[in-house]
Amino acid sequence: VEAPELRSADYYKELKQAKAEGEVAVSFVLLVKFLDEAKVRAKGAKVDAEGACKDKIDKVLGDFADQDVELHSVVEDLGSELEALVARAEEAVGEKEPDIRGITRIDVPDGDIEIKVKIGKA
């Protein structure tokens, strides 16, 4: 599998300018995987988490409140079949499986890449 070419911040700024001029339609999706022990569950501006992660998420959301940033868990409910599969895997290896419910999509209105970069770094 070949990874896509990494581009500079200037490349994305030029795309944003082109979009503003009506030349190109560009959108970005930022996905993050929180640490399992944080137990992050997100729906809009409401985020449930445990430990220091909750404080950090609340701070980032507060810092970007005027940008209408929202977080959404990609997998909200595993369903009984997937829960059973995870339980069997944990039993087979004797270890806890990664918390896939911690995979979170960050939405920023208008797809502002600069805000997404700042949030990603936070």
Side-chain angles (χ1 to χ4, degrees):
V1 176
E2 193 171 313
E5 177 185 350
L6 293 176
R7 311 245 184 205
S8 69
D10 290 335
Y11 170 83
Y12 293 104
K13 286 178 185 176
E14 289 172 16
L15 279 177
K16 183 178 176 184
Q17 179 64 31
K19 180 181 176 185
E21 295 171 1
E23 297 174 17
V24 180
V26 177
S27 64
F28 302 93
V29 174
L30 179 61
L31 295 173
V32 296
K33 167 63 174 83
F34 288 99
L35 297 173
D36 292 347
E37 53 270 13
K39 298 191 183 326
V40 173
R41 305 295 181 264
K43 188 163 189 155
K46 182 180 180 326
V47 179
D48 292 323
E50 295 181 6
C53 192
K54 172 68 172 152
D55 295 335
K56 290 177 183 178
I57 292 170
D58 287 343
K59 181 183 181 331
V60 170
L61 285 174
D63 290 349
F64 294 97
D66 61 329
Q67 303 293 329
D68 297 319
V69 173
E70 292 188 352
L71 282 71
H72 296 276
S73 295
V74 174
V75 179
E76 291 185 21
D77 182 19
L78 295 181
S80 60
E81 288 182 19
L82 196 47
E83 286 283 0
L85 179 64
V86 169
R88 285 196 315 271
E90 289 175 349
E91 185 177 322
V93 297
E95 294 180 10
K96 193 93 171 118
E97 289 296 306
D99 177 20
I100 62 173
R101 286 176 234 134
I103 300 171
T104 305
R105 184 186 77 237
I106 299 177
D107 293 338
V108 179
D110 301 323
D112 190 327
I113 189 63
E114 291 180 25
I115 293 173
K116 287 190 178 188
V117 168
K118 289 177 187 174
I119 292 170
K121 288 180 179 179

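Residue numbers start at 1 and run along the sequence shown. Given the structure is predicted, the values throughout are model-derived calculations rather than measurements.
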### Message
Is any side-chain heavy atom of Cys53 closer than 4.5 Å to one of Val40?
### Response
yes
### Message
Is there a continuous path of hydrophobic side-chain contacts, each under 4.5 Å between heavy atoms, that joins Ile57 to Leu35?
### Response
no
### Message
What I'd like to find out is whether the side chain of Ile103 reaches to under 4.5 Å of the side chain of Val75, using heavy atoms alone.
### Response
no
### Task
Quick one: which residue pairs count as a side-chain hydrogen bond (donor to acceptor under 3.5 Å, both in side chains) with a foot in residues 33-49, not counting sequence neighbours?
Lys33-Asp36, Arg41-Asp99, Lys46-Asp48
#### Entry: Contacts of Glu90 that satisfy side chain to side chain contact (heavy atoms under 4.5 Å, CB included) - sequence neighbours left out
Val86, Lys96, Glu97
### Test side chain to side chain contact (heavy atoms under 4.5 Å, CB included) applied to Arg105 - qualifying residues, sequence neighbours left out
Val29, Leu31, His72, Val74, Asp107
### Electrostatic pair Asp63-Lys59, nearest N-O below 4.0 angstrom
yes
